[in-house]
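The structure appears right after this line, and notes come after that.
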Amino acid sequence: MQKFIVFGLLLAATAAAQAQPSEPKSTQAGNILNGSNDVANQLPAPKTASTTDSGILAAAVNALKLHHTGEAQEALEQAETLALDRTVAQSEANMPSNDPLIIDISEARNALGKKDIPGALRDTQAALGLAAGR
């Protein structure tokens, strides 16, 4: 009888765990500047089919204009990842990039973390101008 109760409890716990989303989801930017060990929310994907840094930055500009900060954060992170795809000497691998595009994207992410949407938009547009010129 005890085996059936334990099995039933395990089955109920498993079903409850599966009903919960595996990751927190949010449409708002977050976990940018707080330095905590919190699990970052799953952010909405940028509304673009582009796989270029300029296309993704354009999506970030549009998201910021609509105050869709979570989507903008995700787009900025994706664009930064694409822009950081570079070849460097092994001795320089841990050095921060001094590429103006990376700096603008980083500043846009920092502004977004401070909830400074106009600043984030300005920096993202500057990054888009640099990316489009490449």
Side-chain angles (χ1 to χ4, degrees):
M1 177 74 166
Q2 286 179 331
K3 288 181 184 178
F4 290 115
I5 292 172
V6 171
F7 179 72
L9 290 173
L10 285 173
L11 193 59
T14 302
Q18 289 175 347
Q20 299 296 320
S22 62
E23 299 178 34
K25 296 182 186 225
S26 175
T27 59
Q28 301 299 309
N31 201 21
I32 296 175
L33 296 177
N34 66 7
S36 72
N37 291 327
D38 295 340
V39 174
N41 290 325
Q42 179 181 352
L43 299 169
K47 291 180 176 66
T48 181
S50 178
T51 58
T52 65
D53 51 4
S54 59
I56 295 170
L57 284 167
V61 166
N62 291 334
L64 286 166
K65 287 179 178 178
L66 296 171
H67 291 255
H68 294 174
T69 58
E71 181 182 337
Q73 178 183 344
E74 180 66 22
L76 287 167
E77 290 175 1
Q78 287 182 18
E80 187 175 43
T81 299
L82 285 172
L84 281 169
D85 187 16
R86 62 195 173 129
T87 303
V88 296
Q90 185 175 0
S91 61
E92 298 175 8
N94 292 327
M95 295 175 61
S97 174
N98 61 359
D99 181 340
L101 175 60
I102 300 301
I103 292 168
D104 282 345
I105 294 171
S106 178
E107 288 175 358
R109 291 181 58 228
N110 285 332
L112 192 55
K114 295 175 185 170
K115 301 188 184 325
D116 176 10
I117 294 175
L121 180 58
R122 181 186 58 247
D123 293 331
T124 304
Q125 288 172 325
L128 178 57
L130 290 171
R134 290 186 175 194

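What you see is a predicted model; the values in this text were computed from it and never measured. Numbering starts at 1 and runs along the sequence shown.
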Please report the shortest heavy-atom distance between [X] and [Y], naming the atom on each side.
X: E74; Y: P46; answer: CG-CD, 3.8 Å
X: A72; Y: A60; answer: CB-O, 4.1 Å
X: T124; Y: A108; answer: OG1-CB, 3.3 Å
X: L101; Y: A127; answer: CD1-O, 3.2 Å
X: Q125; Y: V61; answer: CG-CG2, 3.9 Å
X: V88; Y: A93; answer: CG2-CA, 3.9 Å

To the nearest 0.5 Å, what is the distance between [atom1] on [X] and [atom2] on [Y]?
X: E71; Y: L64; atom1: CD; atom2: CG; value: 9.0 Å
X: S54; Y: L130; atom1: OG; atom2: CG; value: 11.5 Å
X: D123; Y: N110; atom1: CG; atom2: CG; value: 9.0 Å
X: L82; Y: T52; atom1: CG; atom2: OG1; value: 8.0 Å
X: Q78; Y: T48; atom1: CD; atom2: OG1; value: 9.5 Å
X: D53; Y: L76; atom1: CG; atom2: CG; value: 12.0 Å

Quiz item: Do I56 and L128 belong together in a cluster built from hydrophobic side chains that touch within less than 4.5 Å?
Solution: no

Quiz item: Linking I/L/V/M/F/W/Y whenever any side-chain heavy atoms sit under 4.5 Å apart, do L112 and L57 land together?
Solution: yes

Self-check item: Heavy-atom check, side chain of S106 versus side chain of E80, under 4.5 Å
Solution: yes

